[in-house]
Amino acid sequence: MPNKRSGGGLSATQQAAKFLGVSVLSGAVLAGIALPAFGALGLAAKGSVESFDELPANLKTPPLSQRTTILDAKGSQIAQVYSRDRTVVDLKNVSPYMQKAIVAIEDSRFYQHGAIDLKGVLRALNKNVQSSGVSQGASTLTQQYVKNVFVEEAGDDPTKVAQATQQTIGRKIKELKYAIQVEEELGKKKILENYLNITFFGEQAYGVEAASQRYFSKHAKDLTLPQAALLAGIVQSPSRYDPVNDATEATKRRNTVLQRMAEVGDISEAEAAKAQKTPLGLKVTQPKNGCITAVRGASFFCKYVERVFLSDPVFGKTKEARAKLWNQGGLTIRTTLDPQSQKSVQDSLKKHVYKSDKVAAAATLVEPGTGKILGMGQSKPYGYGKNETEYNYSVNASMGGSNFGFPTGSTFKPFVAAAAIEEGRPANQTYSAPYEMQYPATVQTCSGSPWRNDGGYKLENESESEKGPYDLQTAMAKSVNTYFVQMLADIGMCPVVKMTNALGVVQGNGDKVPEVPSSMTLGSTGLSPLTMASAYAAFASRGMYCTPIAIESIAQTVNGKKKSLEVPKSTCSRAMSEKTADTINTLLSGVIDSGTGQQAGLSGRANAGKTGTTDSRKNAWFVGYTPNLSGAVWVGSATQKVQMTNIYIGGVYHPQVYGGDTPGPIWRDAMNGALENKDAPNFNIVSIPRSNQDRGDDNDDNGDDNNNGNDGGNNGFIGGLFDGGTSNGTSTDGGSSSTGGDTSTDFGNLFQGNGNGNGNGGGRG
């Protein structure tokens, strides 16, 4: 007498048989075969038919996620990134052994049956009833392909992946209907091709081409019989049969596949026996995924490219849309990175700053007139270990950089000079420029409400010998603090705001430069090297500012077809007149010829630039350019805790670090290498009459003027002007940092805590 379920009704076998009959009639065989017990199959015939008919008619197959390849401007590979390592190939590029092996072990009757293998279903039912569980499944290769489509569509969402793989009748019915559609539309060869490209082979390899490269370092079309059998065997359980971690289990599984191939007549018994005696012969290629694998130190640039893609609306209106496109991959991204410039940047950084030094250095090169980023690197490599970092010191926080950028010191002064010249001030403007002075009582702002020096804050020059009167040319060469504060008081802050806005100058956190004298003259506000290099490039291009770009073109491969994607374009606009730019170029050429930047000078070509050193010597800069290349170099402590006095950098002892003696030579060597065998155009130098009032002192006291006045500390000039300006120290010479600056943790409020630039006092030369 048949066994009945508790509570009455048909036995498990009768339920299965009834469901099988309905499934055959409706074309939906197999639902529930892989379930743990037939007692779970309480599904009425009418209900199964209705559920089947209610399913959507067409299977939506998402484009398979693939590798994205990032190239430099010359077409050489920088890195490959992917969410799933996959390279889609045509069936003709898959070894015949591989095609036969996967069919033999996964669905030996693949070419004889339709979407459903009735013989396989009956065989599985019989086996499973005998074992009172699941000892055998009956999913066809087509059904397995459909399931993999569901998994691919789920992406990395664990909930969706669980839904796509859960052992339920509903999912099985869904698979069956779509399998029928796929069989009708694609045909056997295309189904096999799709299956081989979509399925997971373990070790991060999706698809047969990636698997072949991972385990044997060869293309899928070149797989031998034993190699093909090994890969085919992995599919059932990639973790269990992983040949890298368990060669014994993998060998057993490979031999099972070979035996099955002999049983179905794909190979002879002799061939199977010979192949079974063959060693696995692995030649494993380790996965190289992500920007951490980038060549020529371009990891930080690579991550910048990724961030541009994920943030720019040109690649999708929403963050989710852009992320989906990035993860889908199949992209070939040609970037602006010039391999010669990139190598030169990295060579110079490696020469002058060791990764184990207490401080770090970052350098960025930009092409004037185009905005193209040609080189980007830093002394501490990309990574997560000792003396490594994942933060890109060259860019703003939104692109993976410092929370606030780094105070720029006197490299900000050319912006003030450009604003003054645009306002009509003469190029030989003279101010008294005493050694020490109080900040002006008031300075006009753009808001109409003037800034007031209510605290009687003072500033001073680097040495007592630096006292005016000076004209602009001498003041720029010597980087005289008091001169530029007097110039700011003369023209007001609004012209400087207008100029910095036109030059794309924003703080590292994206905010505008605050309207206070130390920020607007002495560079107390944090900026990034990319921002500075791009701004100075406008001087080189005679007043045309171009927004920085990193991507030249993108091609995407989808279903074997390539299409071009729109990419962000540089926007160029006039920031100042040609005359103003020519005047600045003349002034900054003098900085290198006879001023604070002599150690940075290039030989044999026109060049100009400016040094900068900030309070307590926590930051040193050199920003300079030729008519065809602009570069910025920063040296300092990312957490702003290191004062660069009595310090070894790159094996060289420095009693005191200046912008000219440490970042200057880095800039010089990086530029020399980048410009080797390149054109050497000249600036449009203008004649600047010298003022009779200029003292013209030759004693520049090493050039860099350190503003050691009382405006440096957070309790002084700057500390009272910004939120978060609470002092963490008692120094009045700029030694204290803003709140969080010296108390930040390595991965908490890294890079000057919560107030970089808002409490670092006046800039130095």
Side-chain angles (χ1 to χ4, degrees), residues 368-369 410-431 433 468-480 483-484 487 491 495-496 499 502-503 521 532-533 535-545 574-612 622-632 659-660 664 667-668 671 679-698 700 703 765:
S410 292
T411 59
F412 199 93
K413 289 172 180 173
F415 304 147
V416 182
I421 294 169
E422 280 286 283
E423 287 292 297
R425 298 301 188 276
N428 64 347
Q429 176 74 52
T430 300
Y431 294 106
Y470 290 124
D471 64 13
L472 177 55
Q473 194 162 3
T474 303
M476 186 70 79
K478 293 178 176 293
S479 199
V480 179
Y483 177 95
F484 286 94
M487 176 172 273
I491 64 173
V496 181
M499 179 59 64
L503 293 173
T521 52
M532 294 299 290
Y536 271 52
F539 299 142
S541 60
R542 304 191 72 195
M544 292 298 294
Y545 170 74
R574 180 154 296 283
M576 67 194 79
S577 69
E578 288 186 353
K579 181 180 178 181
T580 295
D582 292 344
T583 303
I584 296 297
N585 296 337
T586 303
L587 293 169
L588 295 187
S589 295
V591 172
I592 286 180
D593 290 341
S594 59
T596 61
Q598 294 180 60
Q599 291 174 271
L602 307 179
S603 59
R605 62 176 65 243
N607 60 119
K610 185 71 187 73
T611 57
F622 189 86
V623 188
Y625 54 95
T626 67
N628 51 352
L629 188 61
S630 176
W667 179 88
R668 178 196 64 215
M671 293 285 284
D679 292 339
N682 292 315
F683 294 121
N684 292 280
I685 298 298
V686 300
S687 176
I688 302 177
R690 300 310 302 269
S691 170
N692 292 330
Q693 292 180 319
D694 179 39
R695 288 170 52 90
D697 290 337
D698 292 327
D700 65 17

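All of these numbers come straight from a predicted model, not from anything done at the bench.
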Subject >> Gap between atom CG of N628 and atom CE of M671 - 0.5 Å precision >> reply: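 Spacing of CE (M671) from CG (N628) equals 7.5 Å.
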
Suppose we screen for side chain to side chain contact (heavy atoms under 4.5 Å, CB included). Which residues come up paired with [X], at least two apart in sequence or across chains?
X: A433; answer: Y470, V480, T482, Y483, Q486
X: R574; answer: M544, E578
X: I592; answer: N607, F622, W667
X: S589; answer: D593, A608, F683, I685

Original post:
Ignoring hydrogens and geometry, is there a side-chain-to-backbone donor-acceptor pair from T611 to G660 under 3.5 Å?
Top reply: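 The answer is no, because no donor-acceptor pair under 3.5 Å joins these two groups.
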
**OP:** Output, in order, the C-alpha distance, side-chain angles, deciding distance and verdict of side chain to side chain contact (heavy atoms under 4.5 Å, CB included) for R668 and L602.
**Re:** CA-CA 6 Å; R668 178 196 64 215; L602 307 179; 3.8 Å; yes

**OP:** Any chance you could lay out the side chain to side chain contact (heavy atoms under 4.5 Å, CB included) test for L587 and Q473, step after step, and finish with the verdict?
**Re:** CA-CA 6 Å; L587 293 169; Q473 194 162 3; 3.9 Å; yes

Subject >> Of N684, L472, L588, I688, the residue whose pairing with T583 passes side chain to side chain contact (heavy atoms under 4.5 Å, CB included) >> reply: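 Option passing the side chain to side chain contact (heavy atoms under 4.5 Å, CB included) with T583: I688.
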
Subject >> Matching residue for R605 among T626, D679, L629, N682 - test: side chain to side chain contact (heavy atoms under 4.5 Å, CB included) >> reply: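 Result: among T626, D679, L629, N682, T626 is the only option passing the side chain to side chain contact (heavy atoms under 4.5 Å, CB included) with R605.
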
**OP:** For the residue pair M487 and T521, establish whether any side-chain heavy-atom pair is separated by less than 4.5 Å.
**Re:**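 In short, these two side chains do not touch, never coming nearer than 4.5 Å.
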
Original post:
F415: what forms a ring-ring contact (aromatic ring centres under 6.0 Å, His included) with it, not counting sequence neighbours?
Top reply: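 Residues passing ring-ring contact (aromatic ring centres under 6.0 Å, His included) with F415: F412, Y536.
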
Subject >> Sequence neighbours excluded, every pair satisfying salt bridge (Lys or Arg N to Asp or Glu O under 4.0 Å) that has a member inside residues 579-589 >> reply: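 The answer is R542-D582.
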
